[in-house]
2 protein chains.
Amino acid sequence: MKQRPLREDPYHKLREAIVSGQFHPNERLVEAAIAERIGAGRTAVRAALVRLDQEGLVELERNRGARVRHISDGEALEIEEVRAVLEGMLARRAAARITAEGLRALRHVMTQMRERVEAGDSIGYSELNATFHQNIWTAAGHPTASHLVGGLKSQGIRFQYQTALRPGRAERSLREHETIFAALKAHDGDAAETAMREHLAEVLDTLRWAIDSQHRTARWLPG
Amino acid sequence: MKQRPLREDPYHKLREAIVSGQFHPNERLVEAAIAERIGAGRTAVRAALVRLDQEGLVELERNRGARVRHISDGEALEIEEVRAVLEGMLARRAAARITAEGLRALRHVMTQMRERVEAGDSIGYSELNATFHQNIWTAAGHPTASHLVGGLKSQGIRFQYQTALRPGRAERSLREHETIFAALKAHDGDAAETAMREHLAEVLDTLRWAIDSQHRTARWLPG
DNA sequence: ATCCTCAATAATGTCGACAATTCGGCAAGG
DNA sequence: CCTTGCCGAATTGTCGACATTATTGAGGAT
């Protein structure tokens, strides 16, 4: 019995390549090329593409092949909106069910986040941010919602770098996380949901700002 | 250029067969058998199974084939919970954006629902119920959330018959819908979200009741 | 110069065959 | 009687070949 390393699975390999930005949005994904690139047969690649299409990372058109799905600005906002309500629900549940163990893990992550902010390391902070949220999903014990949120996150990942660039965002974000943590520690479901939704409303605002400033610079250059 | 009738697409055919209950939960789905049954090649059936697996209607195990996914009671409750927050959000948005046209369509559906209740036609009412909610999704203009809710709905469909059986459920449900409609008509987002969430909390309670009574009768018969 | 036609090309969709794997039964051994 | 190992049927996974379909580009007519 040999275990199957997930990293060798064509689906995961291709998914990782797309999410990590190795393919540009709207770039065509030719089955034969992908097959050779990741060292798999065309059949397996096909199956992977079907899954990724269903997942929303790839767009599959009959007889016209696959391309990396381009997430429009508006869609990114929609995704963030849905994330907000789902994570709000997860935070509420987490407040009711989180254990001492879970709280300790969260506190540990927050300590690291504080370090990253003080060091001015935006990208390191961003990764810890993801860890923080994932810990909450785990504590919530709600596979259905976690699965959905995970899928949304992978779609919106292209925009996550942009939000980190806003001046002063990290400090503010850190305070918001502390509020969430306090609510969880107090097992206050209402407060946890509210704090999480406010936090993600802030993220949404930042995203709007990032998109706006993008449009502004885009008009400056060619004009 | 010939249009492709969706009903002939193996994916939709198989999906419809599963959702409509032509296969039991946990029933094995042998590729060759399905292929012959719906008149398609094994390749197409394979692709359909992959999609349905990603969608959560089918469970695909490596080298062990596919089976209809069994949604446990707990999972059904989780699904309903997620549906509640998502539809709540959609109702809020719908309140802000619904047109006179959309309101008229909703009113028409509600009239029919009233008729079905008075006629004691639970199953007809249930279908109109689905239509009512779909109209709200449309009015909300939020493809991302609508898509997710649609997927959840198909997973939980097995339980929807059970909830309709509770005595007096239909009348109460009708009143709840009227409340939602009033909030939409008044373009009151807060009220719409609250009404929708309360409505679906009721549905969730009814579902808990259905599951409980199921367990009771299950223990009576063999005990 | 522009538009249309049509062949050449490249990619996808489908099929059949074969290899790999799982599962059930059956017999040998403890 | 129970466990273990092995064989065979059934099913899935993969590959290669071929049909089908879009796309591209050249050439000719207006």
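Order of the sequence lines fixes the chain letters, A, B, ..., with proteins taken first and strands second; residue numbering starts at 1 for each chain. Note that these values count all heavy atoms, side chains included, but never hydrogens, waters or copies made by symmetry. These numbers were taken from a predicted model, which means no experiment stands behind them.
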[X] with [Y]: basic N within carboxylate O range, under 4.0 Å:
| X | Y | answer |
| --- | --- | --- |
| Glu81(B) | Arg93(A) | yes |
| Arg46(B) | Glu31(B) | yes |
| Glu193(A) | Arg197(A) | yes |
| Arg104(B) | Glu101(B) | yes |

Exercise. On DNA chain C, check which nucleotide each of Val30(A) and Thr43(B) is closest to and give me the residue with the more 5' one.
Key: Val30(A)

Specify the separation, in whole Å, of atom [atom1] of [X] and atom [atom2] of [N].
| X | N | atom1 | atom2 | value |
| --- | --- | --- | --- | --- |
| Arg46(A) | dT12(C) | CZ | P | 8 Å |
| Glu61(B) | dA20(C) | CD | C1' | 17 Å |
| Arg28(B) | dT22(C) | CZ | P | 13 Å |
| Glu31(A) | dT21(D) | CD | P | 16 Å |
| Asp53(B) | dG13(D) | CG | P | 11 Å |
| Leu49(A) | dG13(C) | CG | P | 10 Å |
| Asp9(B) | dG13(C) | CG | C1' | 13 Å |

Exercise. Name the closest nucleotide to the Arg64(B) side chain, picking from dT11(D), dT22(C), dC15(D).
Key: dT22(C)

Exercise. May I ask you to evaluate whether Arg62(B) reaches the phosphate of dT21(C), defined as a side-chain N or O under 4.0 Å from OP1 or OP2?
Key: no

Self-check item: Comparing Asn63(A) and Ala44(A) on DNA chain D - which has the more 5′ nearest nucleotide
Solution: Ala44(A)

Quiz prompt | Given DNA chain D, 5'-ward residue of the pair Arg42(A) and Leu60(B), judged by closest heavy atom | solution = Leu60(B)

